[in-house]
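Have a look at the structure below before the remarks.
All chains are named by letter (A, B, ...) in the order of the sequence lines, taking the proteins before the strands, and each is independently numbered beginning at 1.
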Protein chains: 2
Amino acid sequence: MLAFMNKGYAKTSMQDLTQATGLHPGSLYCAFTNKRGLLLAAIGQYQSDRSTEFERHFSGQQTPLEQLKKYLDSIVLECISCEASKACLLTKALNEMAEQDDELQSIITDNLTRWEQGIAQQFAKAKTQGLLHRQSGSGKSAERDCQALARYFVMGIYGLRTFAHTHPTLEVLQSLADQLFEDVTR
Amino acid sequence: MLAFMNKGYAKTSMQDLTQATGLHPGSLYCAFTNKRGLLLAAIGQYQSDRSTEFERHFSGQQTPLEQLKKYLDSIVLECISCEASKACLLTKALNEMAEQDDELQSIITDNLTRWEQGIAQQFAKAKTQGLLHRQSGSGKSAERDCQALARYFVMGIYGLRTFAHTHPTLEVLQSLADQLFEDVTR
DNA sequence: GCCTATCTTGAATGAATGTTCAAGATAGAT
DNA sequence: ATCTATCTTGAACATTCATTCAAGATAGGC
């Protein structure tokens, strides 16, 4: 995971991967068949880690909106932490290989879409608690509204991650995140 | 340019580049010294193209806000056009190689920052024409406000570009862009 | 028509890459 | 202690890649 996040898929050599795993080529090929198989496994692990972290984060006693704000803040911190990557493995792989590997693209897209739906659920929860003052109809239209909010929210996160490359300062990123959260909860 | 946009830097082979340019390795190395030199030249050309297109776009008779909206809409269309890339060369290269090539990172960052400042100028123009109803102080604080708006705007564009990979439909992207423009001109 | 300076050609080179496989190590069962 | 099934090892392989360079083509000046 870390190897792929650091160098990207193409620039990560098998030698890098034997060093990172402590295993030798034969073992890796026996277990994962491919360099690509290793990437798929890394993505699976990444997704699993993220998923449990997501569950943990949103299982507390705070209001959904407080949790979403803290979630966003944690991403800001992740963006400026110099440790491995500063980029989400899913979006990094998507940017690098999307047009060349349809299966990989759909795997990553599925994962990101599930994540987006998890966020939509949080907005929905906030809405049923009356914490969201959006104008809206009822029933199905309310559902679509939360979808739209979630889409906008994750678009902002994608943007933050790219933006962090050009302005890697807590000050700028935090103010962008604050603005995003305001716009999404207005 | 197109070759690098399609495959990314690492996956673009010299053979791809000889085909794309119609020149042979010797000539390419004579003129650009390196594969990296070729990428730098492609980035320079890309930036130059974008820059003149930017000037052209914002030199019309419409209000700055109308121009910004149309600019955003044109990016949405670019995102769903299947032709070459669907990703800006600058951000693509930044995502792929930022952490491994400091000089390249600073070149790209400079270009993107100049672009961001060009957008900030449009917001400033809109503001002096009284088209922006933001609360703000005067003088320097007004300037910083336009900077912040521009940063938020380009963050949104970065986000749109990544988002386009997972939801490549005009409908979704356009509504996100509309929302972004509303939030930025509120 | 010849000469010179610049540009082009494309086969050759060496390094690095992803991948394979036969030999060796290991551990659990009898 | 022996056997067997699984896992590990790392040298070897074929391929691909970026890069080089000497030979050839070209065009402009005299």
Side-chain angles (χ1 to χ4, degrees), chain A residues 1-48 84-85 87 89-90 92-108, chain B residues 1-48 84-85 87 89-90 92-108:
Chain A
M1 257 174 48
L2 294 182
F4 284 130
M5 286 198 280
N6 280 329
K7 293 201 179 189
Y9 178 74
K11 276 227 176 69
T12 301
S13 67
M14 269 297 161
Q15 198 175 336
D16 292 333
L17 294 170
T18 59
Q19 281 181 243
T21 57
L23 297 176
H24 294 242
S27 301
L28 290 179
Y29 275 83
C30 179
F32 302 101
T33 66
N34 250 347
K35 183 183 169 186
R36 180 171 177 276
L38 226 77
L39 175 67
L40 292 180
I43 286 178
Q45 184 62 41
Y46 182 87
Q47 172 66 9
S48 158
S85 83
L89 178 60
L90 296 178
K92 185 150 189 169
L94 193 65
N95 268 297
E96 183 179 348
M97 324 191 39
E99 324 280 336
Q100 303 167 63
D101 188 331
D102 290 349
E103 191 193 356
L104 185 68
Q105 160 141 21
S106 79
I107 289 174
I108 296 178
Chain B
M1 259 174 47
L2 294 181
F4 284 130
M5 287 197 281
N6 279 328
K7 292 200 179 189
Y9 178 74
K11 275 226 177 69
T12 301
S13 68
M14 268 299 159
Q15 198 175 336
D16 292 333
L17 294 170
T18 59
Q19 280 182 242
T21 59
L23 297 175
H24 293 241
S27 301
L28 290 178
Y29 275 82
C30 179
F32 303 101
T33 67
N34 249 347
K35 183 183 170 187
R36 181 172 178 273
L38 226 76
L39 175 67
L40 292 180
I43 286 178
Q45 184 63 41
Y46 182 87
Q47 171 66 9
S48 159
S85 83
L89 178 60
L90 296 178
K92 184 149 190 170
L94 193 65
N95 267 296
E96 181 178 350
M97 326 191 37
E99 324 280 336
Q100 303 168 63
D101 189 329
D102 290 349
E103 191 193 355
L104 185 68
Q105 160 141 20
S106 79
I107 289 174
I108 297 177

For this session: Take the protein atom NZ of A/K35 and the nucleotide atom P of C/dT17, then report the distance between them rounded to whole Å.
Result: 9 Å

For this session: Quick one: label B/T18 by what it contacts on the DNA or RNA (base, sugar-phosphate, nothing), any heavy atom closer than 4.0 Å.
Result: nothing

Exercise. At under 4.0 Å, does any side-chain N or O of B/N34 touch on OP1 or OP2 of D/dA18?
Worked result: no

For this session: Give a yes or no on whether the backbone of A/K92 and the side-chain of A/Y9 come within a donor-acceptor separation of less than 3.5 Å.
Result: no

Seminar exercise, completed: From CD of B/Q15 across to P of C/dT9 the rounded distance in Å is 16 Å

Problem set entry | A/R36/A/E103 salt bridge by N-O under 4.0 Å criterion | yes

Seminar exercise, completed: One should read off an interatomic distance between B/S48 OG and B/I43 CD1, to the nearest 0.5 angstrom, of 13.5 Å

For this session: Verify the neighbour count for atom CD of B/Q15: are there more than 12 heavy atoms of other residues, nucleotides or ligands below 6.0 Å?
Result: no

Problem set entry | B/K11 NZ - C/dG18 C1' separation (whole Å) | 13 Å

Problem set entry | Whole angstrom value for the distance that separates P of C/dG10 from CG of B/L28 | 13 Å

For this session: Output yes when at least one side-chain N/O atom of B/H24 is less than 4.0 Å from OP1 or OP2 of C/dG10, else no.
Result: yes

For this session: Return the 5'-most residue of the pair A/Y9, B/P25 with respect to DNA chain C, ranking by each residue's nearest nucleotide.
Result: B/P25

Problem set entry | Spacing of B/L17 atom CG relative to D/dC17 atom C1', expressed in whole Å | 12 Å

For this session: Would you tell me if any nitrogen or oxygen in the side chain of B/Y29 comes within less than 4.0 Å of OP1 or OP2 on D/dT20?
Result: no

Exercise. Nearest-Å distance, CZ (B/F32) to P (C/dT8)?
Worked result: 11 Å

Seminar exercise, completed: Taken to the nearest whole Å, CG/A/L23 to C1'/C/dT19 is 16 Å

Problem set entry | Whole angstrom value for the distance that separates P of D/dT16 from CG of B/D16 | 13 Å

Exercise. Within the structure shown, what part of the strands sits under 4.0 Å from B/S13 by heavy-atom distance: base, sugar-phosphate, or nothing?
Worked result: sugar-phosphate

Exercise. When rounded to the nearest 0.5 angstrom, what distance separates CE in B/M1 from CG in B/L38?
Worked result: 12.5 Å

